[in-house]
Amino acid sequence: MDSLAHETLKIEGMECDHCILRVGRAIASVRGVTEVDVNPETKEAVVEFEETRTDLEKIKAAVREAGYEPL
């Protein structure tokens, strides 16, 4: 079994429910992501992913492509 990593990303620009959905879908679409929870109150995404299949930079790139800025 692959090793799972957990990371919390602050995400700038999320203002509404649509933003939350869009960011969640973008992160979930990254191959190797096993779970994502986007919190609108803290403007954070908690991501669980397989370290052998993806990395934090690919996840951040997906967030940027969706139009938001991971911090």
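Treat the numbers as computed from the prediction; the structure is a model and nothing was measured.
With sequence neighbours left out, E69 forms a salt bridge (Lys or Arg N to Asp or Glu O under 4.0 Å) with R64. For A61, there are no side chain to side chain contact (heavy atoms under 4.5 Å, CB included) partners, not counting sequence neighbours. Under the side chain to side chain contact (heavy atoms under 4.5 Å, CB included) criterion, E65 pairs with no residue, sequence neighbours left out. Every residue meeting the side chain to side chain contact (heavy atoms under 4.5 Å, CB included) condition with E41, not counting sequence neighbours, appears here in chain and number order: N39. A search for side chain to side chain contact (heavy atoms under 4.5 Å, CB included) contacts involving E35 returns E48, not counting sequence neighbours.
Across all their heavy atoms, F49 and I59 have their closest contact at CD2-CD1, 3.6 Å. Across all their heavy atoms, E44 and K10 have their closest contact at CG-CD, 3.6 Å.
The NZ atom of K60 sits 8.5 Å away from atom CG of L71, with the distance rounded to the nearest 0.5 Å. E12 CD to Y68 OH: the interatomic distance, rounded to the nearest 0.5 Å, is 12.5 Å. Here the straight-line distance linking atom CG of L4 with atom NE2 of H6 works out to 6.5 Å at 0.5 Å rounding.
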Can you give each donor-acceptor pair under 3.5 Å made by side-chain atoms of residues 15-32, sequence neighbours left out, with the distance rounded to 0.1 Å?
residue : atom : partner : partner atom : Å
R22     : NE   : A66     : O            : 2.9
R22     : NH2  : A66     : O            : 3.1
S29     : OG   : A26     : O            : 2.7

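Side-chain contact between L56 and L9 is present, with heavy atoms from C-beta onward closer than 4.5 Å.
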